[in-house]
Undergrad: 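Quick one: this structure, given as C-alpha cells, is what I'll be asking you about.
Source: prediction; values computed, not measured.
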Amino acid sequence: MDDKFNENELELNPSVDSADEPTTAEEAKTETGYEQNDNWEFEAKASTLDETLVESDEYEIQIPQHTAEVQASAPRPVEKKNTAAPAPSASKSQSSGGLSSNAVKFVIAGVMTVIIIGVLGILGWRYYALPNTNEQMNPGNVALTVNDTDVSIGMYNYYYSCITNNYINYAEYGYYEDLDVSKDFSNQYTTDENGKKISWEKLFQNETLNQIKYITSYYEAAVNDGLTLTKEQQKQVNENLTSIKESAAEVDMSVDQYITTNYGDYCGLATLKKMLEQCYLAETYYYKAMVDSKATDKEIDAYFAKHEDDLKNVSFGYLQFQYDDDNKDSVLKKAQACAKQIKSVKDIKKFVPNVYEDLIKSYIESGYYEDEETCAKALAEQVEVTIPKSETGLVKEAMDWLFNKDTKVNDCNTFVDDENKMVYVILKTKEPSLDEQKVYSVRHILIMPGEKDAEEQKEKYTDAEWQEAKEKAEKILKQFNSGDKSEYTFAKLAEKYSYDTESTSNGQSGKYGGLCSGVTLGTMVKSFEDWSTDSSRKYGDTDIVKSQFGYHIMFFISNEEKYRYDCASAVSKEKQDKINDDAKITKRSGMKKVKVAQPKAAEDTDAETQQDTTQA
C-alpha cells in the first residue's frame with residue numbers, strides 16, 4: 001500500500017496524552033502547486049510556497065459612464081418586485097437605447113449584492129464567518145480548496161496534527177537532531193528534499209498541504225469515476241467511529257471534545273467520518289489507476305527514445321570503509337592503498353577478511369555463520385553489483401565516474417560519502433548497457449487446499465482438500481469470465497479471494513490485485529513460471545495452474561526485456577502521478593484559523609484547551 005494511505009501515519013484513535021514510540025517515518029515530500037485567492041497571503045514566508053503562488057484572475061466591476069443617453073435608456077425599477085430587469089440584447093448598441101457592456105456589469109454586480117444580502121438575512125453573518133465541527137462548508141469553515149473540493153479547517157487540523165505528532169514523536173526518540181520539541185518550530189531549520197533551508201513549521205505546513213492534496217485529488221477522481229464505498233469499507237468506517245466514541249466515553253468527554261483535544265479546533269466526528277470515507281475512496285481509485293495506467297507499446301517506445309541513456313546499468317565491485325570524525329584521514333589512506341592493489345573482482349575478494357573483520361565477528365556472534373572463513377566467503381560473493389543510472393544510494397561523484405566513457409573496465413578509484421561517513425573503493429567491471437534479460441508480469445489468485453500453512457509443508461493435503469480447492473478456483477475463474485474480463489476485475493477478485501496476501505494490498509509489498517511484476521527466471525515455482533513464459537501468451541490470457549502451494553488462477557500481462565519493463569513502469573507511474581500533479585490548491589480565508597504546532601512545554605501547560613492560532 002502506498003505510504004500516503006498508511007493508517008499508521010494518520011492515527012485515528014490516539015490516547016489523549018499518549019506518547020507511544022513511532023513505527024514509521026513521515027518522509028512523503030512532493031511538489032505542490034498553489035493558487036492564491038480571497039485576497040489573503042500565506043503569512044509565514046517560505047520559498048516552497050511563495051515561489052509557486054499563482055495569482056487568480058479577479059472579476060473587476062467597471063462603473064459605466066453615466067451619460068444622459070444611458071440614463072434615459074436604463075430600465076426603471078418596478079414597485080414591490082425584487083427581480084432585476086433583464087439585460088438588453090447584445091445586438092442593441094448604446095446609441096440605439098441599450099446599455100453598454102460596462103453598464104451590464106454594473107447591473108450584474110447590483111443583482112449579486114441583493115442576493116448576498118438576502119442570503120445573509122436568512123442564514124446570518126455567523127454562517128459566513130464562523131468555522132464548525134459539522135463539516136458544513138460555509139465560507140468561514142473552508143481552509144482551502146483542492147480542484148473543486150473544499151477542505152474544512154477541522155480537516156486541515158486533523159492531517160496537520162497527524163503529521164506534526166509523527167515528527168515530534170520521532171524527535172523525542174532522537175531521530176531528528178535538528179528538531180527540538182521544546183522550542184518554537186518557526187525558528188528551527190532543516191532542509192527540504194531539494195536541499196533548501198526551511199523552518200520546521202513551514203515543513204509541517206507543506207507536508208500537510210501535500211497530504212491533503214494527494215488524498216483529495218484521488219478522492220475527487222474516484223467520485224468523478226462513479227466509485228462508491230463498498231459494504232466492507234462502510235463497515236470499517238463505522239467501526240472506527242464507534243471506537244472513537246468509546247474512547248471519548250472512557251475519559252468522560254463528549255465525542256467532539258475528545259476529537260478536538262487530539263486533533264485541533266473544529267475537528268469533530270463528522271470530520272473523521274468524511275476523512276475516512278475520502279481515504280477509502282481515494283485508495284480504491286489509486287489502485288484502479290495502478291491497473292488502468294498500463295503503458296502501450298507506442299508509449300514505451302517513446303519513453304525509451306527519450307531516456308535510453310538513463311536506462312542503462314553499470315556493474316562494479318566494491319569495498320566500503322566506515323569512518324568517524326577522528327579517523328577519516330587514516331581510513332581514506334587505507335582505502336586508497338587498497339585501490340592501488342585492485343585490478344579485478346578477485347583482488348577485491350582477497351581484502352574481504354581484513355576490511356570486514358569486525359562485521360564478520362559480529363555475524364558469527366549473532367549466529368549467522370559458524371566460522372570466519374564461511375562468513376568471509378559469503379560476503380565475498382556480494383562484492384559485485386549492477387545498478388541503474390537512476391540509483392541514488394551511491395554518491396554522485398561515483399555514479400558520474402562509473403558512467404563516464406573515459407572510465408575503462410577494471411579502473412579503480414576511491415570516493416568519500418560524507419553523509420553516511422563511508423569511503424568506497426570501486427572497480428568498474430562492465431561498460432554501461434541495457435538490461436536485456438527477460439522478465440514477466442502476471443496476476444494470480446492463489447487458492448490453497450485446506451487450512452494448513454503452505455510455508456511449513458509439514459502436512460500433506462488430502463485428495464478431498466485438493467479437489468475442493470480446484471472447484472473453488474474454477475468457480476472464481478468462471479465468475480471472472482462471465483464479466484468484462486478486464487485486468488481490474490481480475491485484480492479485485494484477487495483482493496477478495498487470494499491466499500497470497502503479499503501480492504495484494506493486505507501485505508507489506510505495496511502490491512495490489514495479485515500482481516507479480518518484473519519477475520526473473522527461477523524466482524517462482526516451475527509450473528507457474530512455465531505458463532507465464534510460454535511464447536504463445538497474449539495479454540489477458542487466463543488459466544488455472546497447479547503447484548505444491550495450491551491452484552493459481554493466472555492472468556497474463558507481459559514477458560519482455562527488463563529495460564522495456566522499466567520503461568513501461570515509468571510510463572504507468574507518470575500516468576498515476578498526473579492525478580496528483582495536476583491538482584491545484586487554492587487557499588481560503590479559513591487558513592487564518594488553522595492549527596499551528598506549539599513547543600512541547602507550551603502544550604503541556606494548556607493540554608485541556610486549544611485556542612485558534614494565526615500563522616505568523
Side-chain angles (χ1 to χ4, degrees), residues 25 27 173-177 191 195 310-435 437 520 522-523 562:
E27 297 177 347
Y173 284 94
Y175 282 87
Y176 299 107
E177 295 180 358
T191 55
D310 296 331
L311 291 163
K312 291 181 179 179
N313 298 325
V314 68
S315 298
F316 62 93
Y318 73 100
L319 294 170
Q320 60 184 35
F321 299 77
Q322 191 78 42
Y323 69 84
D324 55 42
D325 295 334
D326 297 329
N327 67 351
K328 177 180 178 180
D329 291 341
S330 62
V331 171
L332 178 59
K333 288 179 180 179
K334 181 179 179 181
Q336 290 170 337
C338 287
K340 291 179 180 180
Q341 303 176 57
I342 293 174
K343 303 297 180 184
S344 66
V345 172
K346 185 177 180 180
D347 292 335
I348 292 178
K349 291 181 178 180
K350 292 178 182 179
F351 282 101
V352 166
N354 178 264
V355 173
Y356 297 135
E357 181 180 2
D358 292 339
L359 181 63
I360 290 171
K361 289 180 180 179
S362 176
Y363 276 137
I364 294 172
E365 291 173 359
S366 300
Y368 290 105
Y369 297 96
E370 293 182 358
D371 54 65
E372 293 182 1
E373 182 179 359
T374 303
C375 183
K377 285 182 178 180
L379 292 176
E381 293 305 312
Q382 302 175 40
V383 298
E384 186 174 14
V385 296
T386 300
I387 61 174
K389 193 173 184 179
S390 59
E391 174 63 47
T392 58
L394 196 60
V395 290
K396 184 179 183 300
E397 292 78 11
M399 293 297 292
D400 291 342
W401 181 81
L402 284 167
F403 281 91
N404 192 317
K405 294 179 180 179
D406 294 333
T407 305
K408 307 302 180 184
V409 171
N410 292 329
D411 281 355
C412 190
N413 206 345
T414 57
F415 300 92
V416 178
D417 181 352
D418 286 321
E419 183 176 351
N420 296 300
K421 296 187 177 180
M422 197 82 68
V423 177
Y424 290 97
V425 173
I426 295 180
L427 174 82
K428 185 174 181 177
T429 58
K430 290 181 182 178
E431 291 291 350
S433 62
L434 295 171
D435 189 346
Q437 69 170 323
T520 57
T523 303
K562 177 64 164 55

Undergrad: Which atom pair, heavy atoms only, marks the closest approach of I426 to A398?
TA: CD1-CB, 3.8 Å
Undergrad: Tell me whether E381 is salt-bridged to K377, with the criterion being a basic N under 4.0 Å from an acidic carboxylate O.
TA: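 Salt bridge flag = no for K377 with E381.
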Undergrad: Just by modelled atom types, is the V355 backbone N or O under 3.5 Å from a matching donor or acceptor in the Q320 side chain?
TA: no
Undergrad: Roughly how far apart are Q336 CD and N413 CG, rounded to 0.5 Å?
TA: 9.0 Å
Undergrad: For D418 and Y323, test the side chains for any donor-to-acceptor distance below 3.5 angstrom and give the result as yes or no.
TA: yes
Undergrad: Give a yes or no answer on whether the side chain of Q322 reaches the backbone of K421 with a donor-acceptor pair at less than 3.5 Å.
TA: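 At least one qualifying donor-acceptor pair exists.
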Undergrad: Rounded to the nearest 0.5 Å, what separates atom CZ in F316 from atom CD in E384?
TA: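 If we round to the nearest 0.5 Å, F316:CZ and E384:CD are 9.5 Å apart.
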Undergrad: Output, in order, the C-alpha distance, side-chain angles, deciding distance and verdict of side chain to side chain donor-acceptor pair (under 3.5 Å) for D371 and T374.
TA: CA-CA 6 Å; D371 54 65; T374 303; 2.8 Å; yes
Undergrad: So I342 and L319, side chain to side chain contact (heavy atoms under 4.5 Å, CB included) or not? Walk me through it.
TA: CA-CA 11 Å; I342 293 174; L319 294 170; 4.1 Å; yes
Undergrad: Quick one: closest heavy-atom pair of C412 and V425, and the distance?
TA: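 Closest approach of C412 to V425: SG-CG1, 3.6 Å.
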Undergrad: So which heavy atom on P353 is nearest to which on K349, and how close?
TA: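 P353 and K349 have their closest heavy atoms at CD-O, 3.7 Å.
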Undergrad: Under the salt bridge (charged side-chain N to carboxylate O under 4.0 Å, His left out) rule, collect the residues that match up with E397, sequence neighbours excluded.
TA: none
Undergrad: Atom NZ in K430, atom CG in N313: separation rounded to 0.5 Å?
TA: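 So the NZ of K430 and the CG of N313 are separated by 10.5 Å.
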Undergrad: Determine which pairs satisfy salt bridge (Lys or Arg N to Asp or Glu O under 4.0 Å) with at least one residue from residues 329-345, sequence neighbours left out, and list them in order.
TA: none
Undergrad: Tell me whether T429 contacts the main-chain N or O of S315 through its side chain, where contact means a donor paired with an acceptor under 3.5 Å.
TA: yes
Undergrad: For residues 389-396, tabulate all N or O donor-acceptor pairs below 3.5 Å that involve a side-chain atom, not counting sequence neighbours.
TA:
unit_1: K389; atom_1: NZ; unit_2: D309; atom_2: OD2; d: 2.7
unit_1: E391; atom_1: OE2; unit_2: G393; atom_2: N; d: 2.7
unit_1: K396; atom_1: NZ; unit_2: D400; atom_2: OD2; d: 2.7

Undergrad: Using a 4.5 Å cut-off on heavy atoms from C-beta on, say whether the side chain of L379 contacts that of Y363.
TA: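 Yes - at least one pair of side-chain heavy atoms lies under 4.5 Å apart.
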Undergrad: Which is it for Y369 and I360 under the side chain to side chain contact (heavy atoms under 4.5 Å, CB included) test, yes or no, and what are the steps along the way?
TA: CA-CA 9 Å; Y369 297 96; I360 290 171; over 6 Å; no
Undergrad: Counting distance only, does the side-chain N/O of D347 pair as donor-acceptor with the main-chain N or O of K350 below 3.5 Å?
TA: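 Absent.
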Undergrad: Decide yes or no for V345 and L427: does some side-chain heavy atom of the first lie under 4.5 Å from some side-chain heavy atom of the second?
TA: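 They are in contact (side-chain heavy atoms under 4.5 Å apart), so the answer is yes.
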Undergrad: Show your reasoning for whether side chain to side chain contact (heavy atoms under 4.5 Å, CB included) applies to K408 and K428.
TA: CA-CA 7 Å; K408 307 302 180 184; K428 185 174 181 177; over 6 Å; no
Undergrad: Using modelled atom types only, decide if a donor and an acceptor are shared between the side chain of D435 and the backbone of Q437 within a distance under 3.5 Å.
TA: yes
Undergrad: Does I387 form a side chain to side chain contact (heavy atoms under 4.5 Å, CB included) with M399? I'd like the steps, not just the answer.
TA: CA-CA 10 Å; I387 61 174; M399 293 297 292; 3.5 Å; yes
Undergrad: Taking only Lys NZ, Arg NE, NH1 and NH2, and the carboxylate oxygens of Asp or Glu, determine whether K405 and E431 approach each other closer than 4.0 Å.
TA: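 Between E431 and K405 there is no salt bridge, as every charged N stays at least 4.0 Å from the carboxylate O atoms.
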Undergrad: Please work out whether the ring planes of Y318 and Y424 are parallel, tilted or perpendicular, with thresholds of 30° and 60°.
TA: tilted
Undergrad: For a quick test of reading the model, state the closest non-hydrogen atom pair linking T414 to A339 and the distance between them.
TA: CG2-CB, 3.8 Å
